[in-house]
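Accompanying notes for the structure given below.
If you read the sequence from its start, that first residue is 1, and numbering goes on from there. A quick note: this is a predicted structure, and the numbers were derived from the prediction, not measured.
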Amino acid sequence: MLAQAAGFAFLAALSPTALLVAAVYLGSGRPRLTAVCYLAGAVLMTLIIGILVLVALRTGHFERPEQHGPRSGLRLGLGLLMLAAGAVVARRRPKPPDPSRPNKGIVSRLIANPSPLTAVA
């Protein structure tokens, strides 16, 4: 019991959203398999994104000390891009809800009927 609590505390420290989704999956028909598949999908996506970023940085030769200027330019460009994306999201007006259609997004549909395959997705 203490090991499970420690595992959930570690998960909550990494991502509170992951803890919420894992808690929802624990109410499914096969909770252990579904939660493990969800966490395996999260680890897989983290590894894929990390490898892609590493390959992009190595391909651009940004790991070399003489590339300090371009590396700083890359960081500045990414920071400005994130600020612009944040400004666009902040200024966007949400659409009023349509009362004739229930609000069912893709995440709501995936969580409504949890299975190991949808948990990985």
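- Separation of atoms SG (Cys37) and CZ (Arg32) is listed at 13.0 Å; rounding is to 0.5 Å.
- With a 4.5 Å cut-off between side-chain heavy atoms of Ile, Leu, Val, Met, Phe, Trp and Tyr, the cluster of Leu47 takes in Val43.
- Here Leu81 is tied to no hydrophobic group at all, with no ILVMFWY side chain closer than 4.5 Å.
- A search for side chain to side chain contact (heavy atoms under 4.5 Å, CB included) contacts involving Val55 returns Ile51, Thr59, not counting sequence neighbours.
- Scored by the side chain to side chain contact (heavy atoms under 4.5 Å, CB included) test, Leu54 finds Arg58 as partners (sequence neighbours excluded).
- Sorted by first and then second residue, the ring pair (Phe, Tyr, Trp, His ring centres under 6.0 Å) pairs involving residues 31-50 (not counting sequence neighbours) are Tyr25-Tyr38.
- To the nearest 0.5 Å, the span separating OG1 on Thr34 from CG on Leu39 amounts to 11.0 Å.
- Placement of Leu52 and Leu44 within a single hydrophobic cluster is found when ILVMFWY residues are connected by side-chain heavy-atom separations under 4.5 Å, directly or transitively.
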